[in-house]
**Student:** 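Starting off with a structure, shown below.
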Amino acid sequence: MTTDFKQTATERLQTGEDFLAHPDFAEVTREIMQTGPRYRNEIGKYGIHRASTCISCGACVDTCAYGVHTRPAGYRQVVRPFDYRCIGPECEKSGRFCITGCPKHALTLDENPVFKTLGDQRWTPDLLAAIWHMAETGRRPPAHLESRVGNSGGGFDRLRFVFPSEPPMADLRREDIDTKLQLNKRKNDARPKVTIDVPWYGGGMSFGSTNIRAQLAKVRAARAWNTFSCTGEGGYPERFIPYKDNMITQVATGLFGVREETIQRARIVEFKYAQGAKPGLGGHLLGSKNTPAVAAMREAVVGTSLFSPFPFHSVYSIEDHKKHLDWIAHVNRTTLLSAKVSTPNDVEMVAVGSYCAGAHIVHLDGSYGGTGAAPNIAKKNIAMPIEYAISNVHQFLVAEGVRNEVSLIVSGGIRTPWDIAKAIAMGADGIVIGTAELVALGCIRCGCCEGGRGCARGICTTDSELLELLTVDWCTQRLVNMHNAFREILVDILYRLGIPSVAALRGRTDVLMHLDYDNEKVEK
Amino acid sequence: MAANDHTAFDRVGALLDGRKEFRPAGNWEFKPQEAEGGCGVTGFACTIPVRGKNIYEPSIQMRNRGNGKGGGIAACGLVPEDFGVSRSVLEESYLFQVALIDPAARGDVEKEFIDPFFTIDQGGIIPTVKDHRDVPLLEVKPPDVARYFVRVKPDVLDRFAVEKNLKALSDREIEDEFVYQNSFRLNNKYYASMGEKRAFVLSHARNLLILKVVGFAEAVVQYYCMENSRAHVWIAHQRYPTRGRVWHPGGCHPFIGMNEALVHNGDFANYHSVCEYLAQRNLFPQFLTDTEASIMLFDLMNRAYKYPIEYIIESLAPTTELDFDRLAPEKQRIYREIQSAQIHASPDGPWFFIIARNLIKNGFQLLGITDTAMLRPQVFALQEGEVSIGLICSEKQAIDATLANLAKEDKRFSPVADLYWNARGGSSTDGGAFLLNVTPEAGGVNGEAPSYKLEITNKFGAPVSTRKGQVHCDFTAPVVISKVNEDARALQTALDANDPSALFGYLQTAIEGMDYNRLRWCVKEIAGKAAAAFGIEVLTLCIDRRYPTGAKKRSSVIVICREGLESIFSSQPLLNGPMAGPFRRITWDTRALLRGPGDGEKTLLIDARGFQPEGDHCDAYLAVDAFHMGWRHIVHYNSRGTRFHAAGFGPATDGLRIDCYDNPGDYLGSGIDGLEAYVHGNAQDQLCQISKRGKVVVYGDVGQTFLYGAKGGDIYVMGNAAGRPMINAVGRPKVVINGTALDFLAESFMAGDPLTGGGFAIVNGLRVEDNGDITALELPYPGSNLLSLASGGAIYVRDPGKTLVAEQLNGGVFRKLKADDWKLIEPYLRENERLFDIRVERDLLTVGGERRKPAEVYRKVMPKSAVKKEELEEEEVGE
């Protein structure tokens, strides 16, 4: 049972985003609510055209099961089709096909040519639309969209699960499947055993790169789902404080906005050594996005490009790294420490080194992920693909006897619950998602995030006008919905595999096959 | 090397060709480096041989730079009696040491690599403690070590010379090469080739040995019973391998060259290219670490190319940028040649080498070389006196720990060095390297040990020494009543007036004329008679400030004043003691007594002895608890590298004052927001990282990445900053550096417009001499990069001689100092005057005896992008 988002949110929308004055607003539920797109005409896979021969008989409204055709109460005419909801020619089999149902043959169906221009091989139009659907409905995407894999020809797109024909555990119920993840695995460690309800959390996107409303929504949804979001390296706006229990403070190489108080309020502090999208480069915030508000948060000069250095200037070796972690551990006595690194050739040594230095979480960021601001030469061209890195590091940590002492969190091009499950089966404990959250907010992967006024859809922008394209509540609900759909799908995968928990899936490469190497197993 | 010297080429060719057999069959294939972590390194060179247990302390001090999975030591300039050999055997024979990972390999090794080639003067398994578990923290049993004093048999040598076509070499050179190749073959067979690792050569030098274990460095000395073995030069290394399981010490430092041992802190980015360079010269790393590659490079340039040491250093750490331009033309010509031949083999990335060398007839050498970018911490120190010692360490507290240890067993040592300094890598000023030479000066006939002198020079041969005509204090002498009445009168007057600064004013001039007994008596009187707060203030001023000390070493004066302070500190009551005034004291053993301040209690003294350098059991942690219980003045003393002092107190800590004595460690004052911290001596690395607001005063130098990412704070430094100060700082930090900075000052500075509240740094480019004289440095800022890539803030440099040039600025411009600028910086210079007695009119605005206007003395550097266009045009015409 879902309620309509708009009805409950109206009041909040009117009071703006003053969450500091309304602490109750900080409370968000997991309840899913239908949350339609921000635009009247969302881009869909199919187009439905209504010819002038239409007599507004309303037959299509009665026929369609997907809400493509609607005639609001009091309207004489049927409104322009919401054709992004259309499932295409497959619908004919359902017997509720508007095209054939129209007495005047006024409707035609074709593929939307715009749809094909979206995204890229990794983020295919189908994947984008699938995330949009999940964000709108909170449910798994419809079958006409290929929502499990993209079309990159490698990585997760060549991996498949091998499902038994029948669920192997007859008494396993979906509702008993455990998706919790404990992030502090160190045995002799007095710091809290922080546990999240789903095996993923949100990646760092800085104040400066991303609309503050999108950031707020990310952390609100994280709160609803008892997981985390991350500040990125642009400082810690006060508006995040009501959500501090779900906000990771990032300490990145520019140290922008990092102060003791921001370290002290976090349950997890993340050291960003590198980003998978641009290993060997620091953060880039181009001058045009460095508005007065952004500059004030970073205490820098308005309008100048802010390049973070590529290393931590105080960390050039493992003992420096340990000292660096010790520092944060000294400043915040209860926080967990996460070291985010990219995936160089010796990534397993980096991982075990971070563990030795005291990190609770080793966060590997692979090369498929990406920010608009990463130079094209760096994106996808440096570092090891994440699926190789996961296996390498997992197996190495097992061989070193420390696998159960550290959480291995991975990110970088993990788009869907299917990718999440695959990454865990390869050896990760959990996942950081980033782009998927932005897609849920309407990102079309045009890749114009960094320059000028920023995102035309208002997501990755600091432009005062474009910021207004989003509301916190809408964004929050879209993300809450997406998390729900993700979890549902993940649970379904586990159910079909007969694995009772996410923790038990870790390292189960036996349930995976690779299309290039493993032809005997066939995906069911 | 003269270009037309054919014999030199013949020798190089013969040596390198002679190693052809090392080349693996088929195409050479690069073997990737075994992952290596960072580490801590230390070394010292002394005019007398000192015992192995003295390398303990610095090693223990730097445990947190290793992880107990690799430690090693080298000792050079040994004492023949410790080994039961004659002096001539020690000096002439090769001290060949093989680690037997598999004890059963000994027979095979001897049969194959020793007996056929060598005459042996002494040989056998060296003693160890019975059970390795008796040595603290030593989890893996170290290998048995077989030691032999050997010479190559003459017929073997003759055959070798003919076979390898080495006739262009001297006999000793041929013998060296034989030993070198023999070790390579042994390692290849028993270590580097596929299969079981059974044995490897630890060292094969003359009068130098290397030992290593899977454990901390100090365990080497304990396990192999080296506590009482003596040597002129010791080096040690704490390794931090990141692999969980390490079962043999093959990859540990030091590594052997020919007659030198090298330890390394850092990591090459170009290991591959260095290996290719070596492979082209028939050299192939067997232990797959960049340390081994480093010593191979060194040995190649030393023994094959016979480069003078200056050129070896140049080839490892090339002089670049403005520093290159500042070299004399002839030097530029030579360096250019070296760089074209060698730069692709110059280690790239963060590295710092300490090398112990046997210079054969010329004594022994300890050599510290830092990389061009100065990315590793390093401190040099010198103590000159009846015995002299030079030290090199990753952290200063390790130096002081060594000296304290030595001073305990030999009164000729003092617990504080006379001089501490950093090297500026790849520079035209010191070359980033210092040579600590222990040179024989007299005696040494009839098998007697000669006496030695210590000479320190930089890369270019310029000497480093301390003030002449001063002696250390003999602390074993009893203090007797001083008959000088004026001291007692001055004390009494100041006490009556309760004016500690008046007493300091008296001492400041009186100390010069005092002998040690009078000074010690005086300090004892102050400590004994004055109220604690009074005594602490006077003696702290005596430590902080510089003034003439006459025939006394300043280091000894410091020790005396420090002892006075110690007696005041240690007489203050513990937290459960009787009420006795504003001070309370807490120690490791009584830490559980921590409580808030009672009525009238103002200051908590934390005796850092026994506390850990970081973590839950560190005194910096206790201080945070004390603050939250209400203490607003905290004193840390007896610190030995405690990290995170004055950090972790959280936001809005106005009214809190922290005083740090002795050796506070890294990250001091990081993140401060309102508090004040005073460092009575040198501070270390990462000082005031991300500091927001507050005040830090350092009565000495500061280390690397000072104020990295800072947002604000008023910081005063009496001495120098090391590399990369204020990098990425934003907001409004305001900094006075009275000395200079090594390089990269205020890179990417983003601190707005200083005239409207933004940040700035003042660099005075002065040296406060240890007699109180204040002199201008030759270059107020020698680095090649100043305010590079900055978008905000400004640097005010005291540069009356206009030595700064546009080439040092990357995106910055010089501006004339205007009235507004002076109005902005003058209050900071006044406070600087109050803190350090560096006076605005006398010291800063007077040049060559003449008073100048501020604009004639100070130059402003600011980002070009921050200057209005029309102003820029107007000004540039004027420049």
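Every chain is numbered from 1, with letters handed out A, B, ... down the list of sequences. Not measured: the values here are computed from a predicted model. Values reported hereafter were calculated over all heavy atoms of this structure, with side chains retained and with hydrogens, waters and symmetry mates removed.
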**Student:** Take atom NZ of A/Lys193 as the centre, draw a 6.0 Å sphere, and report whether it contains more than 12 heavy atoms from other residues, nucleotides or ligands.
**Tutor:**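 More than 12 within 6.0 Å, yes.
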**Student:** Hey, could you give me the OH/OG1 distance between A/Tyr236 and A/Thr262, rounded to the nearest 0.5 Å?
**Tutor:**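 Between atom OH of A/Tyr236 and atom OG1 of A/Thr262 there are 8.0 Å.
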**Student:** Which bit of A/Arg298 is near chain B, if near means a heavy-atom gap under 4.5 Å: side chain, backbone, both or neither?
**Tutor:**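 Just its backbone gets close to chain B.
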**Student:** When only pairs under 4.5 Å are counted, which of B/Gly731, B/Gly650, B/Gly349 shares the most heavy-atom pairs with chain A?
**Tutor:**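 If we count pairs closer than 4.5 Å to chain A, B/Gly650 comes out on top.
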**Student:** Pick one of side chain, backbone, both or neither for A/Ala357, based on which atoms fall under 4.5 Å of a heavy atom in chain B.
**Tutor:**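 Its backbone and side chain both get close to chain B.
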**Student:** Do you know which of B/Val41, B/Asp666, B/Thr370, B/Asp685 makes side chain to side chain contact (heavy atoms under 4.5 Å, CB included) with B/Pro377?
**Tutor:**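 Only match with B/Pro377 under side chain to side chain contact (heavy atoms under 4.5 Å, CB included): B/Asp685.
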**Student:** Shorter than 4.5 Å, heavy atoms on both sides: which option in A/Lys323, A/Gln264, A/Glu261, A/His321 has the most such pairs with chain B?
**Tutor:**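 The option with the most such pairs is A/Lys323.
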**Student:** Indicate whether the side chain of B/Asp619 and that of B/His645 have a donor and an acceptor atom separated by less than 3.5 Å.
**Tutor:**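 A donor-acceptor contact under 3.5 Å links the two side chains.
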**Student:** What part of B/Ala620 lies closer than 4.5 angstrom to a heavy atom of chain A: side chain, backbone, both or neither?
**Tutor:**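 Both backbone and side chain.
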**Student:** Please state whether the side chain, the backbone, both or neither of B/Lys692 comes within less than 4.5 Å of a heavy atom of chain A.
**Tutor:**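 For B/Lys692, the contact with chain A is made by the side chain alone.
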**Student:** Go through the side-chain N and O atoms of A/Gln275 and A/Asp365 and say whether any donor and acceptor fall under 3.5 Å apart.
**Tutor:**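 Judged by distance alone, the side chains do not pair up.
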**Student:** Report which part of A/Leu397 has an atom under 4.5 Å of a heavy atom belonging to chain B: side chain, backbone, both, or neither.
**Tutor:**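 For A/Leu397, neither part sits under 4.5 Å from chain B.
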**Student:** Regarding A/Arg403 and A/His394, do their side chains bring together a donor and an acceptor under 3.5 Å, going by distance alone?
**Tutor:**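 Per modelled atom types, A/Arg403 and A/His394 side chains form a pair under 3.5 Å.
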**Student:** Heavy-atom pairs under 4.5 Å with chain A - which of B/Ala729, B/Gly709, B/Pro651, B/Gly792 has more of them than the others?
**Tutor:**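 Among the listed options, the one with the most contacts to chain A is B/Pro651.
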**Student:** Side chain, backbone, both or neither: which part of A/Ser305 has an atom under 4.5 Å from a heavy atom of chain B?
**Tutor:**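 A/Ser305 has no heavy atom closer than 4.5 Å to chain B.
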**Student:** Looking at chain B, which one of A/Phe307, A/Tyr355, A/Phe312 has the largest number of heavy-atom pairs inside 4.5 Å, strictly under?
**Tutor:**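 Of the options given, most contacts go to A/Phe312.
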**Student:** Using non-hydrogen atoms only, which part of B/Asn728 is less than 4.5 Å away from chain A: side chain, backbone, both, or neither?
**Tutor:**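 Its backbone and side chain both get close to chain A.
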**Student:** So which part of B/Ile727 gets closer than 4.5 Å to some heavy atom of chain A, the side chain, the backbone, both or neither?
**Tutor:**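 The side chain, not the backbone.
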**Student:** Only pairs of heavy atoms separated by less than 4.5 Å count here; which of B/Arg732, B/Gln704, B/Arg724, B/Glu614 has the most with chain A?
**Tutor:**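 Looking at each option in turn, the highest pair count goes to B/Arg724.
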**Student:** How long is the gap from OG1 on A/Thr335 to CZ on A/Arg191, to the nearest 0.5 Å?
**Tutor:**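 The CZ atom of A/Arg191 is 7.0 Å from OG1 of A/Thr335, to the nearest 0.5 Å.
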**Student:** Evaluate B/Phe744 against A/His313 for ring pair (Phe, Tyr, Trp, His ring centres under 6.0 Å), listing each step before the verdict.
**Tutor:** CA-CA 11 Å; B/Phe744 304 103; A/His313 277 289; 8.2 Å; no
**Student:** What part of B/Ser748 gets closer than 4.5 Å to chain A, counting heavy atoms only: side chain, backbone, both or neither?
**Tutor:**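 It is neither, since no heavy atom gets under 4.5 Å.
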**Student:** Does any backbone or side-chain atom of A/Ser314 lie under 4.5 Å from a heavy atom of chain B? Answer side chain, backbone, both or neither.
**Tutor:**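 Both parts, backbone and side chain.
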**Student:** Could you go step by step and tell me if A/Asn290 and A/Ser288 meet the side-chain hydrogen bond (donor to acceptor under 3.5 Å, both in side chains) rule?
**Tutor:** CA-CA 5 Å; A/Asn290 183 6; A/Ser288 48; over 6 Å; no
**Student:** Based on non-hydrogen pairs under 4.5 Å, which of B/Pro863, B/Gly671, B/Gly615 is most in contact with chain A?
**Tutor:**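 The answer is B/Gly671.
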**Student:** Between A/Val301 and chain B, with a heavy-atom cut-off of 4.5 Å, which part of the residue counts as in contact: side chain, backbone, both or neither?
**Tutor:**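 Both parts, backbone and side chain.
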**Student:** Is it the side chain or the backbone of A/Lys322 that comes within 4.5 Å of chain B heavy atoms, both, or neither?
**Tutor:**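 Answer is side chain: those atoms of A/Lys322 sit under 4.5 Å from chain B.
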**Student:** Using the side chain to side chain contact (heavy atoms under 4.5 Å, CB included) rule, take A/Val294 and A/Lys289 through it: C-alpha gap first, then chi angles, then the decisive distance, then the call.
**Tutor:** CA-CA 8 Å; A/Val294 172; A/Lys289 285 177 86 170; over 6 Å; no
**Student:** Can you tell which part of A/Ile328 gets under 4.5 Å to a heavy atom of chain B, answering side chain, backbone, both or neither?
**Tutor:**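 It is neither, since no heavy atom gets under 4.5 Å.
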**Student:** For the CE atom of B/Met374 and the OH atom of A/Tyr316, what is their distance to the nearest 0.5 Å?
**Tutor:**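 Taking CE in B/Met374 and OH in A/Tyr316, the distance rounds to 11.0 Å.
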**Student:** If you round to the nearest 0.5 Å, how far is NZ of A/Lys340 from SG of A/Cys230?
**Tutor:**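 Nearest 0.5 Å value for the SG-NZ distance: 7.0 Å.
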**Student:** Could you tell me which of B/Gly665, B/Ala710, B/Pro350, B/Gly648 has the largest number of non-hydrogen atom pairs under 4.5 Å with chain A?
**Tutor:**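 Top option by heavy-atom pairs under 4.5 Å: B/Gly648.
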**Student:** Report yes or no: is the cationic atom of B/Arg643 (NZ for Lys, CZ for Arg) under 6.0 Å from the centre of the six-membered ring of B/Tyr667, at an angle within 45° of the ring normal?
**Tutor:**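 Not satisfied by the 6.0 Å and 45° rule.
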**Student:** Who wins among B/Glu747, B/Gln686, B/Lys711 for the most heavy-atom pairs under 4.5 Å with chain A?
**Tutor:**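 Max contact count across the listed options: B/Lys711.
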